[in-house]
Amino acid sequence: MAASLVVACSARPAKESGQGGSEGGTLRVGVSASTISSVDAYSRVRSQDYYIRNAQLFEPLLRQTKDGYQWLLATGITHNEDNTVWTVKLRPGVKFHDGSPFGADDVIAVFNRILDPKNAVIESNYVNFMDPKGIKKLDDLTVQFTLAKPYGPFQFAISNSDIIFYKKGSTAAQAMGTGPFRLVRFTPGRETDVARFDGYWGRRPKIDKVKIISFKTTEALTNAVIGGQIDASSNILQTALPVIRETPSLKIMESDPILKVLIGMRADMPPFNDVRVRQAMRLILDRKVALSNAYDGLGTLANDYKGFPVCQPDVPQRAQDLEKAKALLAEAGQSNLHLPLRTAANKPGMLQLVQILAEDAKKIGVTIDVVKMDLGAYLEKWGEWQFYTGYDTGTYLRDVPEMVSNESTLNHEHWHDAEFEELATKLYATADENQQCEIQKKMKAIEYERGPTLLAATNPTVSVYSSRMHGFVPAFPSGNLYDFTGVTIDQD
């Protein structure tokens, strides 16, 4: 799931200036990854290596930032009065890694793939307001999109950082993108090697190579950071931070608190098809303890609805209420529940969060068996689990298409609410930000009342890197280390 973010104190710098170090060298980045990962730009299996690799090899038309947008493969977008015709101007002089020019034909080919139902591309859910027949090349650097009905946030939709572009006619294994690095070698589930692309249109990377190294567990990855086997990671164990802070060779970077580790409940199958059971689970957890113990006190309490802390509904902060939870379960005929809760523990605090929930549940006779799984096996059945963990860093406009989707890998809680989905239609019919905000408030109130997600806290993404490294900038909105174009390394 990719403006500089700010940190709270000098011991935890949010942004490096890039001063220090010198050009050249290899950066080793650690990720939690699946053994069944693929180099395809639109792979169905998406662990952390997928996102960090794509950020080096491919680019979107434009990217959302904290303050607006950053133009990348596009330089401008215009539209007609009723928002049914949108025209995208592409950046001149952009080359693919083989030296061939990027242009309108490549953009149209990628959108045709995304929108073809036979391909089942996840990103189709974000641009399903488009009709492939309405996409037309005006010239080599201009693409026009004619829509069947008005769509206000068109620019927002195509700024999705997962809608990325490769060369028309190239194979997935070639990974023929326009990004600042080109593919050298890919070993599924183990390692990706990329090298600086000297023909890059933008800021030329200062380092020669990036080695993306995959780890099956967060524990192993954290040990590798502390031991110096890798240079940087955004996937370390939060509980290891006290040790890391006392390690002179390491630095810590925090993003804004935008990461939500979630506990999902499948709303289409027992017992979670009963809203009272979902409400009970949200009342069982002591969120303050979770924030303190699972996340080292970093972040703020969350309230079971997604998106950033803007356009918030007028609802009270949910707190632990074991007696009410017990009464709701009794009303639903679900006292003394016994449930497995599956997790790959692939985000900081995730395992500790579900362990705290399980301990709290015991107090009212509910047994939750925490099942820790290998990430690959976990992702293979993503969308099928009944009670499970995930995470979210998206804006609300980005999240809603997933929540109303019929695609199980997106709407993995299988939750459908008629009022919520009617409001979603209204949300995307207007380009007025004030109207969008009022609609969001109503939608979040519905999530709070009868949604399928337990969101206990909003946390910063915490990255750790070697003190030999300079120039890291956390991505927006994920907070992860994805942009390595400004990184330099102190050479021995």
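Note that the structure is predicted; figures quoted are calculated from it, not measured.
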Got more than 12 heavy atoms from elsewhere within 6.0 Å of [atom1], [X]?
X      : atom1 : answer
Glu81  : CD    : no
Glu331 : CD    : yes
Glu384 : CD    : yes
Lys288 : NZ    : no

* Asked: Is the side chain of Arg53 donor-acceptor paired with the backbone N or O of Ala41 at a distance under 3.5 Å, no angle test?
  -> no
Any side-chain donor-acceptor pair under 3.5 Å between [X] and [Y]?
X      : Y      : result
Gln312 : Tyr305 : yes
Asp369 : His338 : yes
Asp432 : Thr430 : no
Asp67  : Thr65  : no
Arg63  : Gln70  : yes
Asn125 : Ser405 : yes

* To do: Just say parallel, tilted or perpendicular for the rings of His412 and Trp382, cut-offs at 30° and 60°.
  => tilted
Minimum-distance pair of heavy atoms, taken over all atoms of [X] and [Y]:
X      : Y      : result
Gly30  : Ser233 : O-OG, 2.9 Å
Ala104 : Lys137 : CB-CG, 3.8 Å
Val88  : Ile77  : CG2-CG1, 4.1 Å
Arg91  : Ala74  : NH2-O, 3.9 Å
Leu423 : Ile439 : O-CG2, 3.5 Å
Gly479 : Pro474 : O-CB, 3.4 Å

Report yes if the side chains of [X] and [Y] come closer than 4.5 Å at any heavy-atom pair, otherwise no.
X      : Y      : value
Val121 : Arg113 : yes
Gln279 : Glu449 : yes
Ile114 : Val127 : yes
Gln56  : Val29  : no
Thr239 : Thr222 : no
Val31  : Ile212 : yes
Asn273 : Pro270 : yes
Arg46  : Ile122 : yes

Taking atom [atom1] of [X] and atom [atom2] of [Y], what is their separation to the nearest 0.5 Å?
X      : Y      : atom1 : atom2 : answer
Tyr391 : Lys260 : OH    : NZ    : 14.5 Å
Lys442 : Gln440 : NZ    : CD    : 12.5 Å
Leu138 : Lys89  : CG    : NZ    : 8.0 Å
Trp86  : Thr146 : CH2   : OG1   : 12.5 Å
Phe387 : Leu357 : CZ    : CG    : 5.5 Å
Asp392 : Ser478 : CG    : OG    : 11.5 Å

Between [X] and [Y], ring centroids under 6.0 Å:
X      : Y      : answer
Phe308 : Phe476 : yes
Tyr482 : Tyr51  : no
Tyr428 : Phe154 : no

* Would you sort out whether Ile368 and Leu337 count as a side chain to side chain contact (heavy atoms under 4.5 Å, CB included), showing the intermediate values? => CA-CA 8 Å; Ile368 297 175; Leu337 269 176; over 6 Å; no
* To do: Dump the intermediate steps for side chain to side chain contact (heavy atoms under 4.5 Å, CB included) on Thr389 and Val354, then the final yes or no.
  => CA-CA 8 Å; Thr389 60; Val354 294; 3.4 Å; yes
* Asked: So which of Tyr388, Phe272, Trp385, Trp415 actually passes side chain to side chain contact (heavy atoms under 4.5 Å, CB included) with Met265?
  -> Phe272
* Structure fact -> With Ile356 as partner, the option from Leu291, Asn293, Ile284 fulfilling side chain to side chain contact (heavy atoms under 4.5 Å, CB included) is Asn293
Charged N-O contact under 4.0 Å between [X] and [Y]:
X      : Y      : answer
Asp399 : Lys444 : no
Lys326 : Glu323 : no
Lys216 : Asp374 : no
Arg276 : Asp274 : yes
Arg398 : Asp162 : yes
Glu413 : Arg278 : no
Glu447 : Arg282 : no

* Chi angles and distances behind the side chain to side chain contact (heavy atoms under 4.5 Å, CB included) call for Asp106, Tyr166 -> CA-CA 7 Å; Asp106 307 296; Tyr166 53 80; over 6 Å; no
* To do: Tell me whether the guanidinium CZ or amine NZ of Arg318 lies under 6.0 angstrom from the six-membered ring centre of Tyr448 and within 45° of its axis.
  => yes
